[in-house]
Amino acid sequence: MRKLFAAATFVAGLAGFAPLGAPPAAAADAPANAYCYIGWPRDGEVLAAGKPFRVWFGLRHMGVAPKGVAFGNTGHHHLLIDTELPPAGQVIPSDRNHLHFGAGETETMIELPPGKHTLQLLMGDENHVPHKPPVHSRKITITVR
C-alpha cells in the first residue's frame with residue numbers, strides 16, 4: 001500500500017500538482033520591467049460572429065516555460081475573457097473565463113458569442129500563480145458581430 005501511495009504522489013508531482021496536504025506554492029519573482037501584451041486582435045476590433053479568430057500573445061523581458069517547469073524569469077500565459085484579474089498569490093482559476101496555456105503556447109484560436117468582450121493576459125508561474133509583481137497586459141475590448 002505504501003508503494004502505491006508513493007507512486008501516486010510521484011505521478012501527481014509529474015503532472016504539476018502538489019501532493020495532498022502540501023502548502024500552496026509562493027509566487028515566483030518577475031523582473032520589474034516585464035510585461036505582456038495582446039498582439040492581435042487590437043483594442044476596439046470588430047470580429048465576425050460564428051467563426052474562430054486568432055489571439056496572439058507577446059511578452060517582453062521574460063521567457064515562456066510550460067507549467068511545472070521552475071526556471072527563473074519564466075512563466076506561461078493565461079487568457080482572461082470577460083473577467084477581472086484574480087487575487088495575487090492565489091492559483092489562477094481554470095474555466096471558460098480563464099484559459100490556461102501551460103504548454104507554453106503563444107497564440108490560440110477562440111470563438112466568442114456576439115457582443116462586447118474583454119481580453120487580458122496574465123502570466124503565471126509553474127504552479128499557475130501570478131508572479132510578484134504580476135505580469136499582465138492591459139485589458140482590451142473587442143466586439144463580435
Side-chain angles (χ1 to χ4, degrees), residues 5 7-145:
F5 179 77
T9 302
F10 177 73
V11 171
L14 288 178
F17 298 101
L20 292 176
D29 291 329
N33 62 345
Y35 65 96
C36 59
Y37 59 94
I38 297 172
W40 176 261
R42 292 183 299 255
D43 190 34
E45 199 74 39
V46 178
L47 303 164
K51 54 191 253 189
F53 61 91
R54 180 175 171 237
V55 181
W56 69 266
F57 319 143
L59 178 64
R60 294 285 188 255
H61 307 292
M62 277 184 74
V64 175
K67 71 176 182 175
V69 175
F71 193 77
N73 297 327
T74 66
H76 62 276
H77 294 92
H78 298 81
L79 179 61
L80 283 52
I81 303 171
D82 298 330
T83 191
E84 300 300 318
L85 291 170
Q90 294 184 16
V91 174
I92 300 166
S94 181
D95 56 32
R96 66 187 181 107
N97 299 100
H98 303 84
L99 305 183
H100 288 235
F101 296 92
E105 302 95 328
T106 57
E107 64 179 49
T108 190
M109 296 291 287
I110 63 172
E111 184 174 344
L112 296 173
K116 283 195 181 271
H117 298 280
T118 62
L119 302 176
Q120 187 171 26
L121 289 173
L122 174 62
M123 295 302 291
D125 67 13
E126 70 274 10
N127 298 307
H128 305 286
V129 176
H131 293 80
K132 292 182 307 191
V135 178
H136 59 85
S137 70
R138 68 184 184 90
K139 187 182 285 191
I140 68 166
T141 300
I142 60 170
T143 303
V144 176
R145 291 195 189 141

What are the two closest heavy atoms between A49 and V144, and how far apart are they?
CA-CG1, 3.6 Å

Check: Q90 side chain, A88 main-chain N or O, donor-acceptor pair, under 3.5 Å:
no

Nearest-0.5 Å distance, CD1 of residue I38 to CD of residue E45
12.0 Å

Taking side chain to side chain contact (heavy atoms under 4.5 Å, CB included) as the test, write out the residues that go with S94, two or more places apart.
H100

Worked check of salt bridge (charged side-chain N to carboxylate O under 4.0 Å, His left out) between E107 and R54:
CA-CA 7 Å; E107 64 179 49; R54 180 175 171 237; 2.9 Å; yes

Is there a side-chain contact between R145 and P114, using heavy atoms and a 4.5 Å cut-off?
no

Taking the side chain as every heavy atom from C-beta outward, state whether E126 and K67 have any pair of such atoms under 4.5 Å apart.
no

Step by step, would you call D125 with H131 a side-chain hydrogen bond (donor to acceptor under 3.5 Å, both in side chains)?
CA-CA 6 Å; D125 67 13; H131 293 80; 5.8 Å; no

I want to check something: taking the side chain as every heavy atom from C-beta on, are W56 and T108 in contact at a cut-off of under 4.5 Å?
no

Using every non-hydrogen atom in the two residues, find where P86 and P93 come nearest and quote the distance to one decimal.
CB-CD, 4.1 Å

Side chain to side chain contact (heavy atoms under 4.5 Å, CB included) involving N73 - partner list, sequence neighbours excluded
P31

Any side-chain heavy atom of T141 within less than 4.5 Å of one from D43?
yes

Could you tell me whether the side chain of L85 reaches within less than 4.5 Å of the side chain of L122, counting heavy atoms only?
yes

Against I81, only a single residue in T118, L99, D95, V55 fulfils side chain to side chain contact (heavy atoms under 4.5 Å, CB included); can you say which?
L99

Is the gap between the ring centers of H76 and F101 under 6.0 Å?
no

Can you check whether P133 reaches D29 side chain to side chain, under 4.5 Å on heavy atoms?
no

Test N97 against L80 for side chain to side chain contact (heavy atoms under 4.5 Å, CB included), laying out the working first.
CA-CA 6 Å; N97 299 100; L80 283 52; over 6 Å; no

Could you name each residue pair satisfying ring pair (Phe, Tyr, Trp, His ring centres under 6.0 Å) that touches residues 30-55, not counting sequence neighbours?
none

Nearest heavy-atom contact between T106 and H77 is CG2-CE1, 4.3 Å

Going by the side chain to side chain donor-acceptor pair (under 3.5 Å) test, name the single residue among H128, Q120, H98 that passes it with H78.
H128

Quick one: closest heavy-atom pair of M123 and I92, and the distance?
O-CD1, 4.3 Å

Heavy-atom distance under 4.5 Å between the side chains of L79 and L121, does that happen here?
yes

State, yes or no, whether a side-chain contact exists between I142 and L47 at a heavy-atom distance under 4.5 Å.
yes

